[in-house]
Amino acid sequence: MMLRQAVSIASRRAALSSTARTAATQLPAIAVVGTRPQLRAFAGGALQEHKPETAVARPFKGASVSEPDMEYIEEPSMLYMSVLIATPWVFSFWFLTKFV
């Protein structure tokens, strides 16, 4: 009984996904051969133009907007954190295995 229900639900979902897949592939053809149609796009391009010369790294003073008196401490880099995590493993796998 439960197996029959599971199979019927799975077949309904498969039928729905196949119709959605065929609907997505039946998009209007593009005149340029060899390119795929862009499915998502904004009509006028980007919503806001990026201007790197006017970008400010930190537009507020202090640690945050709500705590301007606290000192700002920059986050550590990914390389630093990876070395910090890997150092005990390197020590235990390369050095301590000589004494086992």
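The figures here come from the full heavy-atom set of this structure, side chains too, leaving out hydrogens, waters and symmetry mates.
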Group every Ile, Leu, Val, Met, Phe, Trp and Tyr by side-chain heavy-atom contacts under 4.5 Å, then state whether I85 and F93 land in the same group.
yes

What's the shortest heavy-atom distance between E71 and A63, and which atoms?
O-CB, 3.8 Å

Could you give the distance from NZ (K61) to CE (M70), rounded to the nearest 0.5 Å?
12.5 Å

